[in-house]
Amino acid sequence: MFAVVTPDTIHLPPGAVVRLPGSWQDYQALNEQLGDRSSPRIKYRDGEILLMAPLPEHGRKVSVIADVVKVLLDHLGREYEAFTPITMELPQESGIEPDYCFYIENWEAIAGKDPINWGVDPSPDLVVEIDITSYTDVNDYLPYGVPEVWLFRKNQLVIYRLQGDRYTVETSSRYFPNINVSEVVTECLKIAYDRNTSAAIRELRRKLTIPTLLT
């Protein structure tokens, strides 16, 4: 099966990534053509348009990791807003669709807002990305100043934290400093694949009653 990108048709087989030279106007036209379709995903940066059709495992991993974040936030009694799908745009500069994003420290600033005014309203505090096809680049979030990005790649969660004008790899999350989130995510994904997602989340909730197991 071949990838097809024309003014009338956009079709990508699962796992395909297509890079095209293009302007901001071209990106907007393709976005309009895609409409409410969840696939392929599209982003714009530096005169380049990228299209990617996720593999089936992509959605499952996103769902499990997002559930982990929600359970941890609930355990800590933190208020939050969560979004998927969502398109972040800075006109003429950047357009990107994170797999999942969370407002934790800034949830009140965007509660009930539709749409969010990028460049005026705050960016998400935490973005979760699954990279199976080398489509994701953590630096895509620099223009938005996203404080923390979780990137799951090659069966490993990497935590990136914004330090000045660049992202650095960290061993802990600023939002869960006393929890080994990389280990938690790995274990939950294993249980989800061996059994199912509900079993993974139940086991996480059980372990959260024994904090020493997660520190």
Side-chain angles (χ1 to χ4, degrees), residues 1 3 10-19 31 34-43 50-76 78 80-88 95-104 124-138 140-141 146 148-160 167 169-170 172-173 175-176 179-208 213-214:
M1 190 180 297
I10 299 177
H11 176 77
L12 273 67
V17 177
V18 174
R19 289 174 167 81
N31 245 333
L34 287 170
D36 294 330
R37 289 169 56 184
S38 60
S39 180
R41 293 176 62 198
I42 183 171
K43 67 180 174 182
L50 292 90
L51 297 160
M52 184 272 287
L55 290 163
E57 63 179 297
H58 183 277
R60 189 178 190 186
K61 288 177 178 176
V62 170
S63 179
V64 172
I65 296 176
D67 284 347
V68 167
V69 175
K70 293 174 184 178
V71 169
L72 294 180
L73 289 170
D74 287 340
H75 172 70
L76 296 176
R78 298 292 302 269
Y80 66 90
E81 286 282 359
F83 293 92
T84 188
I86 191 170
T87 300
M88 300 168 62
I96 190 167
E97 300 172 347
D99 287 325
Y100 226 104
C101 65
F102 291 84
Y103 283 85
I104 302 168
D125 297 297
L126 172 64
V127 161
V128 175
E129 284 280 12
I130 309 298
D131 189 28
I132 299 173
T133 58
S134 299
Y135 171 82
T136 303
D137 185 342
V138 67
D140 289 334
Y141 292 99
V146 174
E148 187 166 298
V149 179
W150 290 9
L151 178 59
F152 191 81
R153 175 183 284 162
K154 296 181 179 179
N155 293 318
Q156 181 179 4
L157 182 72
V158 182
I159 299 169
Y160 291 91
Y167 284 104
V169 176
E170 303 290 337
S172 64
S173 167
Y175 304 109
F176 313 108
I179 297 175
N180 188 333
V181 293
S182 296
E183 184 176 301
V184 170
V185 165
T186 298
E187 183 172 350
C188 284
L189 283 170
K190 183 178 187 306
I191 295 173
Y193 275 80
D194 289 346
R195 295 177 61 190
N196 54 57
T197 299
S198 60
I201 297 306
R202 283 197 302 270
E203 178 63 11
L204 174 57
R205 289 198 178 104
R206 185 191 71 79
K207 283 197 170 185
L208 286 169
L213 293 181
L214 293 174

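Quick note: residue numbers are just sequence positions, from 1.
Contact record, Ile201 with Val68: CD1-N, 4.3 Å, taken as the closest heavy-atom pair. A pairwise comparison of heavy atoms in Leu157 and Phe152 identifies N-CD1, 3.7 Å as the closest pair. Minimum heavy-atom separation, Tyr167 to Val138: CE1-O, 3.5 Å. Across every non-hydrogen atom of Pro40 and Ala53, the tightest pair is CB-N, 4.2 Å. In terms of heavy-atom proximity, Glu129 sits nearest to Pro98 at OE2-CA, 3.4 Å. Contact record, Arg60 with Ala192: NH2-O, 2.6 Å, taken as the closest heavy-atom pair.
In this structure, CE on Met52 lies 12.0 Å from CD1 on Ile42, to the nearest 0.5 angstrom. A distance of 5.5 Å separates CG in Leu204 from CG in Leu72, rounded to the nearest 0.5 Å. Between atom CD of residue Glu148 and atom CG of residue Leu126 there is a gap of 5.5 Å, rounded to the nearest 0.5 Å. For the atom pair OG1 (Thr87) and NZ (Lys43), the distance works out to 13.0 Å, reported to the nearest 0.5 Å. Between atom CG of residue Leu151 and atom CD1 of residue Ile159 there is a gap of 11.0 Å, rounded to the nearest 0.5 Å. Summarising the geometry, atom CG belonging to Leu51 is positioned 7.0 Å from atom CG belonging to Leu34; distances are rounded to the nearest 0.5 Å.
Residues Lys61 and Asp99 are not paired through a salt bridge, judged by the lack of any N-O separation under 4.0 Å between the basic side chain and the carboxylate.
Proximity of a side-chain donor or acceptor of Tyr100 to a complementary backbone N or O of Ile65 within less than 3.5 Å is not detected. Using a distance-only test at 3.5 Å, with no hydrogens or angles considered, no donor-acceptor pair links the side chain of Ser63 to the main chain of Gly59.
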Working for side-chain contact (heavy atoms from CB on, under 4.5 Å), residues Val69 and Trp150
CA-CA 11 Å; Val69 175; Trp150 290 9; 3.5 Å; yes
Checking side-chain contact (heavy atoms from CB on, under 4.5 Å) for the pair Thr186/Lys190: CA distance, chi angles, key distance, verdict?
CA-CA 6 Å; Thr186 298; Lys190 183 178 187 306; 5.8 Å; no
List the steps, then state whether side-chain contact (heavy atoms from CB on, under 4.5 Å) holds for Tyr193 with Glu57.
CA-CA 10 Å; Tyr193 275 80; Glu57 63 179 297; 3.9 Å; yes
Evaluation steps, side-chain contact (heavy atoms from CB on, under 4.5 Å), between Val71 and Arg205:
CA-CA 7 Å; Val71 169; Arg205 289 198 178 104; 3.9 Å; yes
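Contact of the Glu203 side chain with the Arg206 side chain is registered, since non-hydrogen atoms from C-beta on lie closer than 4.5 Å. Met88 has its side chain within reach of Pro124: a pair of non-hydrogen atoms, C-beta onward, lies under 4.5 Å apart. Counting only heavy atoms from C-beta outward, the side chains of Lys207 and Glu187 approach each other to under 4.5 Å. In this structure the side chain of Phe102 reaches within 4.5 angstrom of the side chain of Leu73, judged on heavy atoms.
In this structure, Arg78 is not positioned above the aromatic face of Phe176 in the sense of NZ or CZ being under 6.0 Å from the six-membered ring centre and within 45° of the axis.
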